[in-house]
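Reading through the C-alpha cells given below for one structure.
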Protein chains: 2
Amino acid sequence: MAQPGTVDRILDTAEALFAQKGFAETSLRAITSKAGVNLAAVNYHFGSKEALIQAVFERFLSPFSEALNAKLAEMEETGTPDTPENLLSLISRLALGTHPDDPRRAAIFFRLSGQAYSQPVGHLREYLHKQYGAVFSRLQDHMQRALPQMPPRELFWRVQFGLGAAIFTLSGMESLKEISRNDFNMEVTEADITRRLLPFLIGGITAPMP
Amino acid sequence: MAQPGTVDRILDTAEALFAQKGFAETSLRAITSKAGVNLAAVNYHFGSKEALIQAVFERFLSPFSEALNAKLAEMEETGTPDTPENLLSLISRLALGTHPDDPRRAAIFFRLSGQAYSQPVGHLREYLHKQYGAVFSRLQDHMQRALPQMPPRELFWRVQFGLGAAIFTLSGMESLKEISRNDFNMEVTEADITRRLLPFLIGGITAPMP
DNA sequence: TAGCGTTCAAAACATACGTTTCAAACATAC
DNA sequence: GTATGTTTGAAACGTATGTTTTGAACGCTA
C-alpha cells in the first residue's frame with residue numbers, strides 16, 4: 001500500500017471513465033488496464049462492478065455531503081439569514097471547491113451526478129437517496145425558511161427544477177462548451193456557468209406563484 | 001405488413017424499453033422477445049442497434065419538431081408577440097400533446113430526451129444536433145426577440161438551464177412521483193409538473209443580469 | 001528464518017451480447 | 001400456378017463482458 005495503491009488507482013480511473021462514458025459503457029477491463037492493475041483486482045477489492053460504482057460515489061459524494069452539513073450547521077449557529085442567494089451560492093461554492101486541488105474534479109463531479117440521476121431504476125438511485133437524503137432534506141428546510149410564504153409542495157418541485165438545471169447543464173457541459181466556442185467565440189469554464197446559473201436559479205425559485 | 005407490423009412492434013417496444021432502462025441496458029433480445037418478433041428482425045429491418053435507436057428518435061421527435069416549426073411559422077404570420085410566456089407554454093403544450101392518443105407517450109418522450117442528453121459522446125447527440133438543430137435555433141431566435149435586452153450568450157445559457165430543468169425533472173419523474181406521494185400525499189401528473197414548471201422557467205430566463 | 005495472511009498476476013469460465021447465415025414461409029406479379 | 005422478391009424463423013458465430021480460480025509474490029510477526 002505504498003504507491004498510489006491499487007484501490008485508489010482503481011477508484012481514480014473508474015471515476016474518470018464512468019463520468020466520461022457512463023457505467024454500462026465502461027468495462028472492468030478498460031478500468032483495470034488504464035489503471036495498470038490486474039483485472040481481478042476489482043472483484044477482489046470491491047466484490048463486484050456494482051459495488052465499485054457505489055464506492056466511487058461514496059468517495060466523491062461524502063466530502064461534499066459532510067461539507068454541506070458543516071456549512072449549514074455553521075449558518076444555524078452564527079445566525080446567518082436563510083436566503084436563496086446564501087444557500088445557492090453556498091452549494092455552488094462547495095460543488096466547485098470540495099476538491100480544490102484538482103479543477104478537473106468539478107467536471108467529474110457534475111458528470112457523475114448526471115449519470116446517477118439519469119440512470120434507470122437501478123439500485124444506485126435508492127442508494128443515493130438512503131445515503132444522502134438527510135442532508136438534502138436539511139437543505140430543503142433551510143430553503144423553506146428562506147421562502148416561508150411558498151407552499152412546501154411548490155418549493156419541493158422548484159428545488160427539483162433547479163437541481164435539474166444545474167446537473168443537466170454542467171453534466172453536458174463538454175458539448176455545450178463546444179457550441180459556445182463555435183457560436184460565440186467564447187471559452188467557458190465550470191465557474192463561468194455556475195456564475196450564470198445563480199441568477200437563473202434564484203429567479204426561478206422565487207418566481208411568483210401561478 | 002397487415003397487423004401492427006413487425007417494424008412498428010419493434011419500434012413500440014424498443015421505445016418503451018429504452019425509455020425505461022436506457023440504451024446499453026436494453027438488449028435486442030429483450031426487445032424482440034417482448035415484441036414477439038424474431039431476433040434477426042432488428043438487423044434485417046434497421047441494420048443495427050444504433051440505427052434502431054436513431055429510428056426510435058426520429059419517429060418520436062419528428063412530429064414534435066414539425067409541429068413546433070408549424071406553430072412558430074403561425075406565430076410569425078399572425079404577428080403573435082414573442083414573449084417567454086407564449087413560447088414556453090407553446091412548447092409545453094406540444095411536448096404533452098404531440099401524441100394525444102396516448103398519455104403515457106408524454107412520459108416516454110421526456111425519458112427518452114433525458115437518456116439522449118445524458119448519453120456519452122456517442123453519435124446520438126451529434127445526430128440530434130444535425131437533425132433538430134434548425135428548429136432549436138429558430139426557437140432561440142424567437143426567445144431573443146422576446147428578450148431583446150438580454151445578451152445572446154446569456155440567453156443561450158439560460159435556455160440551456162431551462163432545458164435542463166424540464167428534461168431532467170420530467171425524465172426522472174417516476175421517482176419524484178413516489179417521493180411526492182410519500183411526503184405530500186399528493187399524486188402528480190406530467191401536466192401538473194409542466195404547469196408548475198412554467199413560472200419557474202419564466203422567472204429563471206427573465207431574471208435580472210448578475 | 002519459518003509461517004501465515006494479504007495482495008497480485010495470468011488464465012480460464014460461463015454467459016450475454018450484436019450480428020450473420022440460410023432455409024422456410026409468404027406475398028405478389030406474371 | 002409458377003416464379004421472384006420479401007420477410008420470417010431457428011440456429012450458430014464471434015466477441016466482450018463480469019466473475020472465479022489457482023498459484024506465485026509479498027509483508028509482517030513470531
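Applying the 4.0 Å criterion to OP1 and OP2 of C:dC8, one finds that A:T6 has a side-chain N or O inside that range. For B:H45 and D:dT6, the shortest distance from a side-chain N or O to OP1 or OP2 is not below 4.0 Å.
Screening residues 27-37 of chain B for side-chain hydrogen bond (donor to acceptor under 3.5 Å, both in side chains), with sequence neighbours left out, gives no hits. Among pairs with a residue in residues 128-145 of chain A, those fulfilling side-chain hydrogen bond (donor to acceptor under 3.5 Å, both in side chains) read A:S62-A:Y132, A:N69-A:R138, A:E76-A:R138, A:E76-A:H142, A:D82-A:H142, at least two apart in sequence or across chains.
Using cut-offs of 30° and 60° for the angle between ring planes, the A:F23 and A:F57 rings count as tilted.
One finds a salt bridge joining A:R195 and A:D192 here, because a Lys/Arg side-chain nitrogen approaches an Asp/Glu carboxylate oxygen to under 4.0 Å. Salt bridge absent: A:K177 and A:E187 never bring a charged side-chain N and a carboxylate O closer than 4.0 Å.
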- Message: In dot-bracket form, 5' to 3', how is DNA chain C paired? Count Watson-Crick and G-U wobble pairs only if both distances fall under 3.5 Å, and write | where the partner sits on another strand.
- Response: ||||||||||||||||||||||||||||||
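Residue B:K71 places its NZ atom among 12 or fewer non-hydrogen atoms of other residues, nucleotides or ligands, all under 6.0 Å distant.
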Scan the side chains in residues 154-167 of chain A for donor-acceptor partners under 3.5 Å anywhere in the protein, sequence neighbours excluded, and list what turns up.
unit_1 : atom_1 : unit_2 : atom_2 : d
A:E154 : OE1    : B:R196 : NH1    : 2.5
A:E154 : OE2    : A:R158 : NE     : 3.3
A:R158 : NH1    : A:I205 : O      : 3.1
A:R158 : NH1    : A:A207 : O      : 2.5
A:R158 : NH2    : A:A207 : O      : 3.4
A:R158 : NH2    : A:P208 : O      : 3.4
A:Q160 : OE1    : A:Y117 : OH     : 3.1

- Message: Base contacts versus sugar-phosphate-only contacts with protein, heavy atoms under 4.0 Å: please encode nucleotides 15-20 of chain D as B, S and - from 5' to 3'.
- Response: --BBBB
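Across the protein-nucleic acid pair, B:I31 atom CD1 and C:dA16 atom P stand 17 Å apart, rounded to whole Å.
With sequence neighbours excluded, no residue forms a salt bridge (Lys or Arg N to Asp or Glu O under 4.0 Å) with B:K49.
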